[in-house]
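Worksheet: the structure to be examined is printed underneath.
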Amino acid sequence: MTNVTTATIAGVRIPASALAREATELVRDTASPLLFDHSRRVFLFGALRGAEQGLAFDPELLYVGAMFHDLGLTERFARTDQRFEIDGADEARRFLESHGIAGEPAQRVWTAIALHTTPEIPLHMAPEIALVTRGVELDVLGIGYHAVTEEQRAAVVAAHPRPDFKNRILAAFTDGIRNRPDTTFGNVKADVLAHFVPGFERGDFVEVILGSDWAE
């Protein structure tokens, strides 16, 4: 398992509060090393993008958003009746409320996680919401790859390696959502099931409209 005691990576200080430490331990105990390292990179890359853009953000809220964003892919927190993003968002809100952080800040983290696979919209919202998406986009899709320096990328990956990451994260996505295919309607995860689950049929927005109970 990657060493998580390093206080600063690529110039980004990892939050050291009791809340952040508990979040780290929860994800380390629940998620695979693949998802743990990915989640830490999402925080680091999100923080780096925030610095590059001159955004003022709460590092602790960003950390919880990044660390919890894929908990819906884990056995412990996965449900079958809603999108996996909402699983992680719900757990993050419960976690924050249990630590006395409620109301708008908790909702901000919920939104950051719930929207992290929804292109463009999060980027126009509060910095913590935008930066969870920025971190995910950089680590998974390579969007913003050149917005951080080669030295910064190397430092992040040295602390949290990503061997064969593209194939392994696609497998994690597939395993985490194959038993709830209907929740991928209208979102990017339908692409994953179309590639890797034989017999998967996408929902069709036009067909939903034409097949509704309205006569016209």
Side-chain angles (χ1 to χ4, degrees), residues 1-71 73 85 88-89 91-92 95-96 99 101 105-106 108-117 122-163 165-166 168-169 172:
M1 174 63 67
T2 301
N3 181 1
V4 299
T5 61
T6 305
T8 302
I9 299 170
V12 176
R13 185 164 185 81
I14 304 295
S17 64
L19 181 149
R21 292 196 302 272
E22 287 185 36
T24 300
E25 292 306 311
L26 186 152
V27 179
R28 183 166 59 181
D29 292 343
T30 302
S32 65
L34 167 76
L35 292 179
F36 179 85
D37 283 328
H38 165 56
S39 298
R40 291 271 287 198
R41 290 194 305 272
V42 166
F43 167 73
L44 292 164
F45 287 139
L48 288 169
R49 291 303 313 273
E52 173 248 337
Q53 295 180 333
L55 298 179
F57 59 90
D58 185 316
E60 195 170 60
L61 294 183
L62 177 60
Y63 189 74
V64 173
M67 293 304 292
F68 282 56
H69 84 278
D70 271 346
L71 281 187
L73 299 176
E85 300 94 330
E91 183 55 32
F95 176 83
L96 289 169
H99 287 79
I101 299 174
R108 202 184 322 157
V109 174
W110 188 95
T111 303
I113 297 171
L115 292 182
H116 80 267
T117 60
L123 306 183
H124 297 272
M125 302 179 75
E128 296 82 5
I129 299 171
L131 294 178
V132 169
T133 289
R134 291 285 191 198
V136 171
E137 287 181 342
L138 201 163
D139 199 46
V140 177
L141 301 168
I143 297 172
Y145 183 83
H146 296 290
V148 300
T149 68
E150 183 177 351
E151 292 76 17
Q152 289 169 329
R153 290 195 305 270
V156 171
V157 173
H160 294 286
R162 54 195 311 279
F165 178 71
K166 293 180 181 181
R168 293 171 68 216
I169 196 63

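For the numbers below, each heavy atom of this structure counts, side chains included, while hydrogens, waters and symmetry mates do not. Values in this document were obtained by computation on a predicted structure and should not be read as measured data.
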Short N-O contact, Glu150 and Arg153, less than 4.0 angstrom:
no
Exam field: side chain Gln152 to backbone Thr149, donor-acceptor pair closer than 3.5 Å:
yes
Between the CZ atom in Phe45 and the NE2 atom in His38, the distance rounded to the nearest 0.5 Å is 10.5 Å
Closest contact, heavy atoms only, Gly46 versus Leu62
C-CD2, 4.2 Å
Side chain to side chain, Phe165 and Leu34, heavy atoms closer than 4.5 Å
yes
Quick check against the 3.5 Å criterion: does Arg49 have a side-chain atom that pairs as donor or acceptor with the backbone of Leu131?
no
Go through it in stages, so that I can follow the logic: the residues are Val148 and Val156, the test is side chain to side chain contact (heavy atoms under 4.5 Å, CB included), and I'd like the CA-CA distance, side-chain angles, deciding distance and then a yes or no.
CA-CA 11 Å; Val148 300; Val156 171; over 6 Å; no
From CG (Leu123) to CD1 (Ile129), nearest 0.5 Å:
11.0 Å
Using the side chain to side chain contact (heavy atoms under 4.5 Å, CB included) rule, take Phe43 and Ile14 through it: C-alpha gap first, then chi angles, then the decisive distance, then the call.
CA-CA 9 Å; Phe43 167 73; Ile14 304 295; 3.8 Å; yes
What I'd like to find out is whether the side chain of Leu35 reaches to under 4.5 Å of the side chain of Thr30, using heavy atoms alone.
no
Min side-chain heavy-atom separation Val42-Met67 under 4.5 Å:
no
OH (Tyr63) and CZ (Arg13) are apart, to the nearest 0.5 Å, by 12.5 Å
Residues in side-chain hydrogen bond (donor to acceptor under 3.5 Å, both in side chains) contact with Thr111, at least two apart in sequence or another chain:
none
How long is the gap from CD on Glu128 to CD1 on Ile113, to the nearest 0.5 Å?
12.0 Å
Taking Ser17 for its side chain and Ala20 for its backbone only, find out whether a donor-acceptor pair lies under 3.5 Å.
yes
On a heavy-atom basis, the closest approach of Val64 and Ala23 is CG2-CB, 4.5 Å
Under 3.5 Å, is there a donor-acceptor pair between the side chain of Arg21 and the main chain of Ala16?
yes
Under 3.5 Å donor-acceptor, Glu91 side chain and Leu71 backbone:
no
Side-chain contact, heavy-atom cut-off 4.5 Å: Ser32 with Arg168?
no
I need the minimum non-hydrogen distance between Ala10 and Leu48, along with the two atoms involved.
O-CD2, 3.6 Å
Does the plane of the ring in Phe68 sit parallel, tilted or perpendicular to the ring in Phe95? Use 30° and 60° as the thresholds.
tilted
Of all the heavy-atom pairs spanning Thr133 and Pro122, show the shortest one and how long it is.
OG1-CB, 3.3 Å
Residues forming a side-chain hydrogen bond (donor to acceptor under 3.5 Å, both in side chains) with Arg41, sequence neighbours excluded:
Asp139
Would you say the side-chain atoms of Asp58 pair up with the backbone N or O of Leu61, donor to acceptor, closer than 3.5 Å?
yes
Can you tell me how far the NE2 atom of His160 sits from the OG atom of Ser39, to the nearest 0.5 Å?
10.0 Å
Can you give me the closest heavy-atom contact between Ala114 and Glu85, atom names plus distance?
O-CB, 3.7 Å
CG of Asp29 to CD of Glu22: how many Å apart, nearest 0.5 Å?
11.5 Å
Between the main-chain N or O of Ala66 and the side-chain N or O of His69, is there a donor-acceptor pair closer than 3.5 Å?
yes
Is the shortest heavy-atom distance from the side chain of Val27 to the side chain of Asp70 under 4.5 Å?
no
Hey, are His116 and Glu137 close enough side-chain-wise for a donor-acceptor pair under 3.5 Å?
no
On a heavy-atom basis, the closest approach of Gly144 and Leu138 is O-CD1, 3.5 Å
